[in-house]
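The next block holds one structure in the form of structure tokens; read it before the comments.
Chain letters run A, B, ... following the sequence lines, proteins first, then strands; residues in each count from 1. Keep in mind that the numbers below use all heavy atoms, side chains included, and drop hydrogens, waters and symmetry copies.
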There are 2 protein chains.
Amino acid sequence: MAEPLYRQIAEDLRARIESGELEPGSQMLTEYELRDRYQASRNTIRDALRWLTARGMIEARAGQGTFVSRTIDPLVTVLSDWPGPESARYASESDDNGRAPSVSLVRVEVQEADESLAATLRLAEGDEVISRQQVRYIDGAPWSLQTSFYPRDLVTRGAELLLSARDIAMGADAYLKQELGLEQVGHEDRIQVGPPTNDEARFFKLSDDGRISVITVRRTCYADNDLDVVPYRVTVTAFPADRNQLLVQFGRVPGLISRADGY
Amino acid sequence: MAEPLYRQIAEDLRARIESGELEPGSQMLTEYELRDRYQASRNTIRDALRWLTARGMIEARAGQGTFVSRTIDPLVTVLSDWPGPESARYASESDDNGRAPSVSLVRVEVQEADESLAATLRLAEGDEVISRQQVRYIDGAPWSLQTSFYPRDLVTRGAELLLSARDIAMGADAYLKQELGLEQVGHEDRIQVGPPTNDEARFFKLSDDGRISVITVRRTCYADNDLDVVPYRVTVTAFPADRNQLLVQFGRVPGLISRADGY
DNA sequence: GCAAATTTGTTCGTATGTATT
DNA sequence: CAATACATACGAACAAATTTG
């Protein structure tokens, strides 16, 4: 057997979708109709449909039918211009498409730093950190989930608004500068991609087949400290890969004002 | 039925894997043994295993058995320090793990620009471009696939080595500067994640279930031109998401020398 | 609001094919 | 070649979700 039957059927359907014969959003034949059409068992048809589902080309809705996937217009997040977790500049990132973004209220917790977080923030494992979580919605659908971690120490030193479950109106960066003289001089983003956690799948309403990956951006922000730089915040953002893209700009590029200050 | 049987079984196995009871690399019980163990049919067991496979937790090998996945030590590619497609600095990116990287010979072709490429390089659709393709291996396994596109015009103006199917020893950037005075002043990276194309799946030996996403970085490089900047190269790199991470640094961060020149 | 019809989801049993040891 | 283990394929029945009358 050169190709299994279910793959042949899947390839045939794929060709019809890619040729445009089956339009995005349109309903496909039912499993029983496809069984008759291809002279195969329903289970074999289901294997073929599963193959297409795994590639995001179709989606099945129980009780309704199977539909050709619509392509999502991705939201582009500019990392190099990314102001931080609680900035007012969110709205401007996507309104070029006329979509309505919104940001949830902040959920604030005091947690103990795990090993990885402690190492990044140069704390001891178990030291307390403030976690500030925000959700970003577009047209009412959850789009990204962001959690910032600050050493508890910053509150002790005067940045008490970090414990407030509201947006910091001036932005966290400006606030930390005003209260503590803490100024960001650099940051590092680690980008990794993997299957969603159960929480993420539930939160973003991702199909539970693990098909859609989540892009995780872990940003460490650094402030000046005489000779060295010290980390003062870690921000972890989860972006479902089916609706997000990232953009990074360096130096002089069209549409970006050159910044001579080093970042 | 709160949870389908196959999901209950999958969750039980997942818990055993995550607890360490089933070690990475170890062989799991066979489908028939699991059928007896869980008092379910073999097909239901297979549904449970498929669920775990979709999450990359296990992998089945026909004729051998099913095994708990080993975690791959990811290669971290530093985008902000990424010199370009044909630099000699590749080797230094991963040898901290003692792995052996290598870069394939270049495959050079003259192609016609498609709509997207033409728009980015400010050409007309169908204009000729030079494509230079390279493969990167680590320990003999394909790790990333990179294709750079240059306007054909650059060869006419004197950069004839672009048509040579060998590495440009001094690096493409230095070569273009020497021959044409073309100097990179900025670049933009667009990062997107999606299922592999058939070609990518075959090339990277990804399982054909579409489980592992591919990170695509599309870099546009800009050179100076009096008032404006002009694009002169597009580099598209495909990174299988199971073995790659990206790192982006801005401003002053530990381990990075601050660059005051704007990028 | 309920009942029927439609459609996908889950589960079982069985048989045969293919890859590996 | 034989044994083992996963892969493919078929048929059947019932459950759950959704729409429709």
Side-chain angles (χ1 to χ4, degrees), chain A residues 1-14 17 22 25-69 201-202 205-211, chain B residues 1-14 17 22 25-69 201-202 205-211:
Chain A
M1 197 189 316
E3 282 279 272
L5 181 54
Y6 79 93
R7 285 281 264 115
Q8 296 178 39
I9 296 171
E11 288 292 354
D12 184 69
L13 289 170
R14 185 179 63 80
I17 291 171
L22 301 172
S26 66
Q27 182 164 7
M28 302 185 63
L29 296 180
T30 69
E31 293 174 352
Y32 290 106
E33 288 168 333
L34 290 169
R35 164 175 62 95
D36 297 337
R37 164 84 78 93
Y38 287 103
Q39 294 290 303
S41 77
R42 181 180 166 224
N43 278 328
T44 299
I45 295 297
R46 280 180 64 78
D47 279 343
L49 295 180
R50 174 155 33 218
W51 191 87
L52 294 168
T53 302
R55 279 155 187 73
M57 307 188 68
I58 64 174
E59 41 199 279
R61 299 201 275 272
Q64 297 183 55
T66 306
F67 301 81
V68 181
S69 296
R202 189 167 42 249
K205 304 190 204 319
L206 303 177
S207 55
D208 76 324
D209 54 9
R211 184 175 60 76
Chain B
M1 196 191 319
E3 284 279 273
L5 182 53
Y6 80 93
R7 285 281 263 115
Q8 296 179 38
I9 297 172
E11 288 293 353
D12 184 69
L13 289 170
R14 184 179 64 81
I17 290 171
L22 300 171
S26 67
Q27 182 164 6
M28 303 186 61
L29 296 180
T30 69
E31 294 174 352
Y32 289 105
E33 289 168 332
L34 291 170
R35 163 174 61 94
D36 298 338
R37 165 82 79 92
Y38 287 104
Q39 295 291 301
S41 79
R42 184 178 166 229
N43 279 329
T44 299
I45 296 297
R46 280 180 64 76
D47 280 343
L49 296 180
R50 175 153 34 213
W51 192 88
L52 294 168
T53 302
R55 279 154 189 73
M57 305 190 68
I58 63 174
E59 39 200 280
R61 299 199 274 272
Q64 296 183 56
T66 306
F67 301 82
V68 181
S69 296
R202 190 166 42 248
K205 303 191 205 319
L206 303 177
S207 56
D208 77 324
D209 55 10
R211 183 175 59 77

Exercise. Using a distance-only test with no angle check, is there a side-chain donor-acceptor pair under 3.5 angstrom linking B/Asp209 and B/Ser207?
Worked result: yes
Seminar exercise, completed: Once base and sugar-phosphate atoms are separated, protein heavy atoms under 4.0 Å mark nucleotides 2-7 of chain D, 5' to 3', with B, S and - as ---BBB
Exercise. Under 4.0 Å between a side-chain N/O of B/Thr44 and OP1 or OP2 of C/dC12, yes or no?
Worked result: yes
Exercise. With sequence neighbours left out, what residues match A/Arg46 under salt bridge (Lys or Arg N to Asp or Glu O under 4.0 Å)?
Worked result: A/Glu31
For this session: Measure the distance from CD1 on A/Ile45 to P on D/dA12 and round it to the nearest whole Å.
Result: 16 Å
Exercise. Rounded to the Å, how far apart are B/Asn43 CG and D/dA9 C1'?
Worked result: 10 Å
For this session: Can you sort out the partners of A/Arg50 under salt bridge (Lys or Arg N to Asp or Glu O under 4.0 Å), two or more places apart, ordered by chain and number?
Result: A/Asp47
Problem set entry | Atom-to-atom span, CZ of A/Phe67 to P of C/dT8 - whole angstrom | 8 Å
Problem set entry | Integer-rounded Å distance: C/dT8 C1' and A/Arg50 CZ | 12 Å
Problem set entry | Interatomic distance where CD1 belongs to B/Ile9 and C1' belongs to C/dT11 [whole Å] | 10 Å
Problem set entry | For A/Gln64, all residues meeting side chain to side chain contact (heavy atoms under 4.5 Å, CB included), sequence neighbours excluded | A/Arg61, A/Phe67
Exercise. Which residues pass the salt bridge (Lys or Arg N to Asp or Glu O under 4.0 Å) test with B/Asp36, sequence neighbours left out?
Worked result: none
Seminar exercise, completed: Separation of C/dT10 atom P from A/Asp47 atom CG, nearest Å, is 14 Å
Exercise. Rounded to the Å, how far apart are A/Glu3 CD and D/dA9 P?
Worked result: 10 Å
For this session: Can you tell me the distance, in whole Å, between the CG atom of A/Leu34 and the P atom of C/dT7?
Result: 11 Å
Problem set entry | Contacts of type salt bridge (Lys or Arg N to Asp or Glu O under 4.0 Å), residue B/Glu33, not counting sequence neighbours | none
